[in-house]
Student: 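Have a look at this one.
Both counts, for ligands and for their atoms, begin at 1 and track the order of listing.
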Amino acid sequence: MFVLVNLKTYPCDPVAVAEAVRDVNDRTDARLAVAPQAAHIERVAETGAETWAQHVDPIDYGSNTGHTLAESVAEAGAEGTLLNHSERRLKLADVDGAVRAARRADLETIVCANNPAQIGAAAALGPDAVAVEPPELIGTGTPVSQADPDIVEDAVAAAERVDDDVSVLCGAGISTGEDVVSAGDLGAEGVLLASGVAKADDPQAALEDLVDPL
Ligand code: G3P
């Protein structure tokens with residue numbers, strides 16, 4: 001299972017969480033990665049943890065003030081990027097452009113979507129993975145795998161109809177190892193989570209709990 005910890009703009013110490021991600025990753029068969037804010041990518045990548053961007057823009061080098069260039073996050077040490085997270089939605093044409101920009105910079109891509117219909121559209125754009133996250137469950141602590149298992153199974157089916165090779169992840173409310181196992185049982189190859197680690201008193205213990213049953 002792939003476990004991607006999205007730090008959003010939570011006031012946690014990104015380097016401390018990244019060190020925990022690195023250490024727990026070294027002790028499990030699961031693949032753990034962390035997605036800090038763009039300004040923290042370089043410091044986080046220096047820990048040796050697999051580091052992802054939370055977003056890149058559908059742009060190339062040039063006059064794009066305030067934008068995030070895929071090549072710049074790659075040079076800072078990111079290996080992949082989330083795209084179209086529900087807190088950073090893009091127009092369809094811009095998701096397409098951002099997937100292409102990420103590919104140009106050799107970044108792995110996960111395109112997020114709210115529901116199975118959007119997952120099908122996202123898969124058609126050729127990312128490495130898609131992730132279904134019902135926005136109403138984000139940050140609630142109620143796992144999508146329990147609150148809405150159908151949405152995960154339907155997302156897996158929708159992605160498969162478009163592209164057999166695309167991986168499907170799920171996210172929202174995931175905070176325990178049991179939640180990760182349930183996501184896998186529903187066909188997901190990984191999970192996205194944030195508050196369960198970024199807001200935990202002891203992020204390392206939270207990560208250990210997440211991978212314990214894997
Ligand atoms: O990107 C993952 C995120 O949106 C899920 O948030 O806090 O419900 O784990 P959370």
Student: Report yes if G139 has an N/O atom closer than 3.5 Å to an N/O atom of ligand 1; otherwise report no.
Tutor: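 G139 vs ligand 1: N/O contact under 3.5 Å present.
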
Student: Between ligand 1 and K8, can you find any atom pair, the residue atom being a heavy atom, that is separated by under 4.0 Å?
Tutor: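 Flag set, K8 near ligand 1.
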
Student: If you measure from each heavy atom of G171 to ligand 1, is any distance below 4.0 Å?
Tutor: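 The answer is no, since G171 has no heavy atom less than 4.0 Å from ligand 1.
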
Student: Identify, by atom number and element, the atoms of ligand 1 in contact range of N6, meaning under 4.0 Å from any of its heavy atoms.
Tutor: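 That gives atoms 1 (O) of ligand 1.
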
Student: Do side-chain atoms of N84 reach the backbone of L90 as a donor and acceptor pair under 3.5 angstrom?
Tutor: yes

Student: Output yes when the distance from some N or O of ligand 1 to some N or O of G173 is under 3.5 Å, and no in every other case.
Tutor: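 Yes - when backbone and side-chain N and O of G173 are compared with those of ligand 1, one distance drops under 3.5 Å.
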
Student: Within the 4.0 Å heavy-atom shell around I138, which atoms of ligand 1 are there?
Tutor: 4 (O), 6 (O), 8 (O)

Student: Please check: side-chain N/O of N64 versus main-chain N/O of D60, any donor-acceptor pairing under 3.5 Å?
Tutor: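 Flag set: sc N64 to bb D60 pair under 3.5 Å.
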
Student: Do any N/O atoms on Y10 end up under 3.5 angstrom from N/O atoms on ligand 1?
Tutor: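 No; the residue has no nitrogen or oxygen that sits under 3.5 Å from a nitrogen or oxygen of the ligand.
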
Student: What residue and heavy atom of the protein are closest to atom 1 (O) of ligand 1, and at what distance?
Tutor: H85 NE2, 2.9 Å

Student: Just by distance, do the side chain of S182 and the backbone of E178 share a donor-acceptor pair under 3.5 Å?
Tutor: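 Yes: the side chain of S182 pairs with the backbone of E178.
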
Student: Considering residues, nucleotides and ligands other than E79, do more than 12 of their heavy atoms fall under 6.0 Å from its CD?
Tutor: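 Enclosed.
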
Student: For the NZ atom on K8, are there more than 12 heavy atoms of other groups (residues, nucleotides or ligands in this structure) within a distance under 6.0 Å?
Tutor: yes

Student: For A172, is the nearest heavy atom under 4.0 Å from an atom of ligand 1?
Tutor: yes

Student: Under 3.5 Å, is there a donor-acceptor pair between the side chain of D128 and the main chain of T109?
Tutor: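 Yes, the answer is positive, given that a donor and an acceptor are paired below the 3.5 Å cut-off.
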
Student: Could you tell me if W52 and E50 have a donor-acceptor pair between their side chains, going purely by distance under 3.5 Å?
Tutor: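 Yes, because at least one side-chain N or O of E50 sits under 3.5 Å from a partner of the opposite role on W52.
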
Student: How far is atom 9 (O) of ligand 1 from its nearest protein heavy atom, and which residue and atom is that?
Tutor: A194 N, 2.8 Å

Student: Starting from atom 2 (C) of ligand 1, locate the nearest protein heavy atom and write down its residue, its atom name and how far away it is, to 0.1 Å.
Tutor: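 Ranked first by proximity to atom 2 (C) of ligand 1 is E133 OE2, 2.9 Å.
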
Student: Would you say D179 and T176 are linked by a side-chain donor-acceptor pair, where the criterion is simply a distance under 3.5 Å?
Tutor: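 There is such a pair between these side chains.
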
Student: Do me a favour and list the nearest non-hydrogen protein atom to atom 7 (O) of ligand 1 with residue, atom name and distance?
Tutor: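 It is S195 OG, 2.4 Å.
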
